Protein chains: 2
Amino acid sequence: MVETRELRYFVAVAEELHFGRAAQRLAMAQPPLSRAIQQLERRLGVVLLHRTARAVTLTEAGSVLLREARVVLEAVEAAERRTRRAAADRPGVVLATKAGASSELLSKLLDAYAADPCAVAVEVVLCGPGEPESLLRNGRADVALLHRPYDSTAGFDTEDLHTEQQVVVLPAGHPLANRPHMSMAEVNALTDLPLPRWPRRDGSYPDGPGPQVRDYTQLTQLITLGRACAVMPESLRAQLRDDHAIVPVPDAPAVTTVIAWPPHSRSKAVADLVRTATRL
Amino acid sequence: MVETRELRYFVAVAEELHFGRAAQRLAMAQPPLSRAIQQLERRLGVVLLHRTARAVTLTEAGSVLLREARVVLEAVEAAERRTRRAAADRPGVVLATKAGASSELLSKLLDAYAADPCAVAVEVVLCGPGEPESLLRNGRADVALLHRPYDSTAGFDTEDLHTEQQVVVLPAGHPLANRPHMSMAEVNALTDLPLPRWPRRDGSYPDGPGPQVRDYTQLTQLITLGRACAVMPESLRAQLRDDHAIVPVPDAPAVTTVIAWPPHSRSKAVADLVRTATRL
DNA sequence: CACGAACAATACCCGTACGGTATCGCCGCC
DNA sequence: GGCGGCGATACCGTACGGGTATTGTTCGTG
């Protein structure tokens, strides 16, 4: 069977598309890396890379393996972390969620769970957009609150907790601030208040007119300054200040808060937490 | 990072709870296996097994790693298989489902998909209960038709296709065969016609009065012989012969047929197939 | 209580293969 | 045509994975 070392090497080469740089990244010399990849190809009986003297490119099979190998490596990391945490019998649960989102639901959940006689300590990790997902995948978190359709729940077990409409947040005093509702088309047409750009998982930002934002603090400030508007779940209203106005956007997709956990590692504590959450 | 070899070794020991037998299973001698496990424990900084001269038992951390390691090893197998299949550019899709179940839906799906201009060959694998799930997990299949709540869809992406009530199948001429409906309690009370026992994933059978069955052929024959009854989705009626009677069981859980695929490996062919299925 | 069986750990040895250095061969490009 | 960049090849040392033999410990058992 393929070893994780080989997969690590392959991922490095496939991402760099350059044996030299990949070797550097792996803190090793280039020749052994070349050989390791050749060996991997021989063992699989598959050509993974096309090499010319000028460029390295992935074959069809290579890009399949790249996707799969990333999954495997994340699973290995998760296995190590979960094992270590199980041994460090600090019997806590790590819950990850986006900073700012679902705060009311979260505090109700934590309160309700604390009342459970066999509750253990819950460590809450507040992170940026998209991060809870990867924390859950690589074993740094045991359970997460995610928000469909923005977060992908692929590969997790989930329970729906709450669904809500979205609203657009405008600077107080904006001409449209008193409208009873708006459509997404109207929101997109606000060229004076462009929607912000959130980072992608790799840290880069999509192109567009709006300002780059990393968290809700930045966002609310930008809205106050009249540089942006934002479409967000209604419950986030609690985070806002007086100088913001909100207008419902009925045709924006409803946001469902779900509690998610890795399907295999269903510890008692996670199961209790999930049960508590579904009974809120 | 932990190597898959170490995980394979650990799984063998954790399952056998005996270094000698585990070594035998791995086709190696016992001492290197002992050392490998020690090394794994050192690298993780965690005690995985309690050994006395008389018995080997898993620690808490050990049983966590056992679960995680199985997941990792399946993911590695899947990665290898998918890569090989991507290279063997026989651009087919493998669809797994329980033999006998959903046959009408399956043939409609295959017909509809074949009409798609960019359809590729679909290889259908009919298997026993519980198997489609593991085929999907270890990369032998690309997509599967599963049946909730009997099959676990944990860790897959799914789309619901069809929900139906269940019926109890009795030998024709049974005193209750003309009842308009029955409850699960009444079905369970049929001591002359016990429900059959299906194999678990490891191949063993649960205890109980009913006969052991492996497939629907066995089951229908046993029902004909008056040795068993069975609760199954209504659509399976098409598989039955005249000497069977069916009675609806409204309080049995409804069965939902879903199409499932591994969340990461979403090839175009699988996506097309899923889209076709949801539009049936 | 002593002996033996069972079993994991230790000691020791060997071969493979992994990683390093040096070099080659191939291909673009000034 | 020579030079530079890059992956492959050649060659070497060592570390580690695996094998055999043995020890040590702990139960049963006569």
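Source: prediction; values computed, not measured. Chain naming here is simple, since letters A, B, ... match the order of the sequence lines and numbering starts at 1 in each.
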- [ ] Find the bend of the helix from C:dC1-D:dG30 to C:dC30-D:dG1 as the angle between its two terminal axes (five pairs each), to the nearest 10°.
- [x] 10°
Task: Listed once per pair and sorted, the side chain to side chain donor-acceptor pair (under 3.5 Å) pairs that draw on residues 113-132 of chain A, sequence neighbours left out - done: none
Check: protein-nucleotides 4-7 of chain D nitrogen or oxygen pairs below 3.5 Å:
residue	atom	partner	partner atom	Å
D:dC6	OP1	A:His18	NE2	3.1
D:dC6	O5'	A:His18	NE2	3.4
D:dG7	OP1	A:Phe19	N	3.2
D:dG7	OP2	A:Phe19	N	3.4
D:dG7	OP2	A:Gly20	N	3.3

TODO: Could you tell me the separation between the CG atom of A:Leu40 and the P atom of D:dA8, rounded to a whole number of Å?
DONE: 13 Å
Open item on the list: Any donor-acceptor pair under 3.5 Å linking the side-chain atoms of B:Ser34 with those of B:Gln30?
Closed with: yes
Task: Set of side-chain contact (heavy atoms from CB on, under 4.5 Å) partners for B:Arg35, sequence neighbours left out - done: B:Pro32
Open item on the list: Could you check whether any side-chain N or O of A:Glu15 sits under 3.5 Å from a backbone N or O of A:Ala12, counting only pairs where one atom can act as donor and the other as acceptor?
Closed with: no
Open item on the list: Whether the side chain of A:Glu133 engages the backbone of A:Thr153 through a donor-acceptor N/O pair (distance < 3.5 Å, no angle test) should be reported.
Closed with: no
Task: A:Ile37 CD1 to C:dG19 P, straight-line distance once rounded to whole Å - done: 11 Å
Task: Whole angstrom value for the distance that separates C1' of C:dA6 from CD of B:Glu16 - done: 16 Å
Task: Separation of C:dC18 P from A:Met28 CE (nearest whole Å) - done: 10 Å
TODO: Scan side-chain atoms only and decide if B:Glu159 and B:Thr278 contain a donor-acceptor pair under the 3.5 Å cut-off.
DONE: no
Open item on the list: Taking the side chain as everything from C-beta on, heavy atoms only, tell me whether A:Leu44 gets closer than 4.5 Å to A:Leu65.
Closed with: yes
Check nucleotides 13-17 of chain D against the protein and report each pair of N or O atoms closer than 3.5 Å, with its distance, or say if there are none.
residue	atom	partner	partner atom	Å
D:dG17	OP2	B:Gln39	OE1	3.4

Task: Whole-Å distance separating the CD atom of A:Gln24 from the P atom of C:dG20 - done: 13 Å
- [ ] Calculate the interatomic distance between A:His50 atom NE2 and D:dA8 atom C1'; express it in whole Å.
- [x] 17 Å
- [ ] Ignoring backbone atoms, establish whether B:Gln38 has a side-chain N or O less than 4.0 Å from OP1 or OP2 of C:dA8.
- [x] no
Open item on the list: When you measure from the side chain of A:Arg81 to the backbone of A:Asn138, do you find a donor-acceptor pair of N or O atoms at a distance under 3.5 Å?
Closed with: yes
TODO: Take A:Asp142 and A:Arg85, measure what salt bridge (charged side-chain N to carboxylate O under 4.0 Å, His left out) needs, and give me the verdict at the end.
DONE: CA-CA 10 Å; A:Asp142 301 303; A:Arg85 290 215 303 123; 2.5 Å; yes
Open item on the list: Filter on salt bridge (charged side-chain N to carboxylate O under 4.0 Å, His left out), then keep only pairs touching residues 205-214 of chain B, sequence neighbours left out; what's left?
Closed with: none
Open item on the list: Could you check whether any side-chain heavy atom of A:Gln218 comes within less than 4.5 Å of a side-chain heavy atom of A:Pro211, counting everything from C-beta outward?
Closed with: no
